[in-house]
Amino acid sequence: MKNSTLLEVSKEATFYMNEDVNLLKALKHFFGFDQFKGDQEAIIRNVLAGNDTFVLMPTGGGKSLCYQLPSLIMPGTAIVISPLIALMKNQVDVINGMSDSDGVAHYLNSSLNKSAIEQVKTDIVKGKTKLLYVAPESLTKEDNVEFLKKVKISFYAIDEAHCISEWGHDFRPEYRRIRPIINEIGNAPVIALTATATDKVRTDIKKSLGIVDAREFKSSFNRPNLYYEVRPKTRDIDRQIIMFIKQHPGKSGIIYCLSRKKVEELAEILKANEIKAAPYHAGLDSATRSRTQDDFLQEKIDVIVATIAFGMGIDKPDVRFVIHYDIPKSLEGYYQETGRAGRDGGEGLCIAFYARKDLKKLENFMEGKPVAEQDIGRQLLQETAAYAESSVCRRKMLLHYFGEEYDQDNCGNCDNCKYPKKKIEAKDALLVVLKAVEVVKGNFRQEYIVDFVKGRGTDDIISHKHDQFEEFGSGADMDSKLWNPVIRQALLVGYIRKDVENYGLLKLTALGKRYIKQPKSFKIVLDNEFTDDYEDGCNETGGTSALDPELFGVLKNLRKKMARKFNLPAYVIFQDISLEQMATMYPVTEQELTNIQGVGQGKAKRYGKEFLKEVKAYCDTKHIIRPEELRFRTVAKKSMLKVSIIQSIDRQVDLDDLAEAKGLDFSELLDEIEAIVYSGTKLNIDYFINEVIDDDKVDDIYDYFMDSDTDGLSDAQDELGEGYSEDEIRLVRIKFLSEKAN
C-alpha cells in the first residue's frame, strides 16, 4: 500500500496508544491487515508504553511487525539490530514499498559505500527515517556511535536475540557488546526478539541486555501442520531424496546440508534427475545468491539445496518440505529451519536424515575451540541425538525442549506417532535412575548417571568416590538399552529436570521425590536404533512417509518365519530398512528387488523369491498401483573403487596396505567393505582377521552377532565390553554377514 502520510501519522503515537480501534487502523493503514496475530497487539502496546519487552515467537508468527508498526507511529528512529544483511535489505524494501519515499527505512552495514552511508545519515537527521537496521559490527563503529548520540532513538529492537547466548544455536560474540553500546548512545526501551530459545538462552539474553524485568511474551511453539520424521541416513540417501521429491511434484522445498561441497554435489544430482534445483551457500557471490533466492520465490526453481545461510527472513509461505541431509548442530537450529515449511498453515513435511557418524563429525569440528564452547556444543548435540533417537512423539520432545508441555500422547503427525512402538514397563529402572540422581546430589549429567547405574568405574566416578555408594551399579543386571529412554522420558513426565544455570545437570523434582516414596507403573518406549555408520544402513526406526505399514508387518512376519527356518537372526535375512523400502516401492521382480537398499544380487537370489511372491500377492489383493521404477542418475560413480577393493581382497592384500593405497583411513575402508557385504556380495577377509585378532575374540564376537537381534556397533560394544575394539567388532561383523547373509 502506497502511503504519503507517514510523518503525519507518526505524530499521532499517543492517539494510537490509547485507542484500540485506531491501533487497528494503523495496522490496516501501513500493512493492509485487518487484525493482529496472537500476542502482536499486546507486544506493540507494551513497546509503545516505553517498556522493555522480550518476545519469543516461532518462525512465521509475525515477529517483525512487533517492532515495525510501533516504529512507524512513535517519534524518533527505531534501531533494529540484526545479524543478517540479506534480511535487512528484504525488510527495508518491504517498509519502503509502503511509502512514496525511500527513506522511511534504511540499513547500515558493510555493504554500503561512503555516499550511501551519508544518504542514510541525511535522511535520519531530516526525520524521514523511522527504522534503521544495523549489523552489530556497524553499531559499534566509533563514527556511527557518535552520530547516533545526536539522534532521537524511539527504542532498540534486537532481532535474532539468541545470538547473544553461547547456548543459542548461532552465538555471535559481537552481540555481547550491544548493551554497553546502547548505554553509550543513549538509553531507550529495548525489545528483544527470537524464534528459538530455551530457558537457559532466555536467561542469558535478558541478563546480557540488562532487561531482566522485561515483560515476556511467549507464543506456543506448536506447529500442528508440520509433520516430523527422522530417517536413517543410508547409502541411498540421494535416491531417497529424489524419490521423495518426485512423489511431491511441483512443490517447493529446501534441503539443508552442513557443507558447501555437499550442497553443490546434491544440487547437481537433483538437476541430473530433472528436478529444478539450485545451490545456495555463503561461498557463492552475492549476485548468484540473490538470483537463486528470487528464482525460488518466483517458482522458477522448486528446490533450494543450501547451508544454513539460506532461509533467514525469506517470506515464502508455501514451502512444502524441508529436508535435513545432515542432522543439525542443535534443536534450536533444527526448529528454526523446519519452521520455514508450511508458513501458510498448509502441508509442511520435515524429514531429517540421522546417523551417529554425523554427530562424531560435528564433534570433530569443535576441536580447537575453547573448552567451555566445546562442552556447550556437545550438550547441544546430545539434545539433537535424543530427539532423533527417541521413539516418543517428536512434537512432545521439541516442545518440552523449549519449555512448553504437550499433553497429548499421540500427535498423529510425526513418524513415532504414526507408527508407535509397544510400551514396556520400566518402573524398576526409573527407581534406579531417580535414586542415582538423588544420591549424587543432582550434580551430574546424563552420561554420568548412566555409567553410575551400570556400575562403570570411570575415572570421573572413582575420583568422586561414587563407586563406593551402595547405589553404584544398581542397574548393572538390567538391559543397557533402558537407561537413555528412561531418563529422556522421565524428563518429559517431570520426575527429573535439567538445571538452567549449569545446563545438563540432572536434578530430582518434587514429583520425582514422591515417586521414590510411592512408585507406580512407568511405561516407556525404547529408543529407535541407529548404526554408528550410515553406510551400514541398518536400523530399527519407523519408515518413510510413503511406507505401507500393513505390508511392512506382513514382510516382518515372513522374515521371522524365514529366520527360524534358517536358524539365523532376522536382520541377516533382510534389515528393517530393506523391508521398509519394499513396503514403499512394492518390488515384484528380482531386478526391482536389487534396487532396494541393502539388497544385492546374491541376497535377492538367496532370500528374495518368497518376499517377491508376498509383495505381488499383496498388490493383487489390494489393487495397488505400484510406483514406476525410479531411474536414478548419478553425477559421479564410485563403483570402480568397490570393484578394486573386491579384487584386492580376492588377492588377500593386507587391509592396512589397501587403505593406504586407496587414500582412505582404515575406518573409511571398512565403510566401503561393509557396503559391499551389506548389498549381498560375499567377501573372505579371514586372512586378515587371523593375523590381527585372537581366535577367542573372533569366536566371542561371532557368537554375539549370531544371538543378537541387532547388528548395531554401540550395542555390540556395550555387550562385549572394553576389551573389544570397534575395528575388531566391525571386522568380525563383516565376516559374520558375509558367511551368513550372502
Just wondering, more than 12 heavy atoms not from E719 lying within 6.0 Å of its CD?
no
For K616, is the NZ atom crowded, meaning more than 12 foreign heavy atoms sit under 6.0 Å from it?
no
What are the two closest non-hydrogen atoms of N273 and K246, and how far apart are they?
O-NZ, 2.9 Å
Contacts of type side-chain contact (heavy atoms from CB on, under 4.5 Å), residue [X], not counting sequence neighbours:
X: T458; result: D451, R456, D460, I461
X: D665; result: S667, E668
X: E614; result: V554, L555, L558
X: K520; result: Y495, Y515

Do [X] side-chain atoms and [Y] backbone N/O form a donor-acceptor pair below 3.5 Å?
X: E592; Y: V588; result: yes
X: S708; Y: F705; result: no
X: Q446; Y: L506; result: no

What do the steps show when you test D671 against R730 for salt bridge (Lys or Arg N to Asp or Glu O under 4.0 Å), and what is the final call?
CA-CA 9 Å; D671 290 345; R730 292 180 75 183; 2.6 Å; yes
For residues 650-664, the side-chain hydrogen bond (donor to acceptor under 3.5 Å, both in side chains) pairs (sequence neighbours left out) are S644-K662
Aromatic rings F574 and Y607: how do their planes relate, parallel, tilted or perpendicular, breaks at 30° and 60°?
perpendicular
Are [X] and [Y] packed together at the side-chain level, in the sense that at least one heavy-atom pair is separated by less than 4.5 angstrom?
X: E739; Y: Y702; value: yes
X: L731; Y: I701; value: no
X: D415; Y: Y227; value: yes
X: L492; Y: Y406; value: no
X: D409; Y: C393; value: no
X: K361; Y: D326; value: no
X: K329; Y: T384; value: no
X: I487; Y: V450; value: yes

So, Y704 and D699: side-chain donor and acceptor under 3.5 Å apart, yes or no?
no
What residues, two or more places apart in sequence or in another chain, satisfy ring-ring contact (aromatic ring centres under 6.0 Å, His included) together with [X]?
X: F444; value: Y448, H464, H466
X: F472; value: F452
X: Y687; value: none
X: Y334; value: H324, Y387

Side-chain polar contacts of residues 423-436 - donor-acceptor pairs under 3.5 angstrom, sequence neighbours left out - could you list them?
residue : atom : partner : partner atom : Å
E425    : OE1  : S521    : OG           : 2.6
E425    : OE2  : K427    : N            : 3.1
E425    : OE2  : F522    : N            : 2.8

What distance do N557 atom CG and F552 atom CZ have between them, rounded to the nearest 0.5 Å?
10.5 Å
In Å and rounded to the nearest 0.5 Å, what is the NZ to CG distance from K454 to L482?
10.0 Å
According to side-chain hydrogen bond (donor to acceptor under 3.5 Å, both in side chains), who are the partners of K613, at least two apart in sequence or on a separate chain?
none
Mind checking what makes side-chain hydrogen bond (donor to acceptor under 3.5 Å, both in side chains) contact with E389, not counting sequence neighbours?
Y354, R356
Does D527 come within less than 4.0 Å of K481, counting only side-chain N to carboxylate O?
no
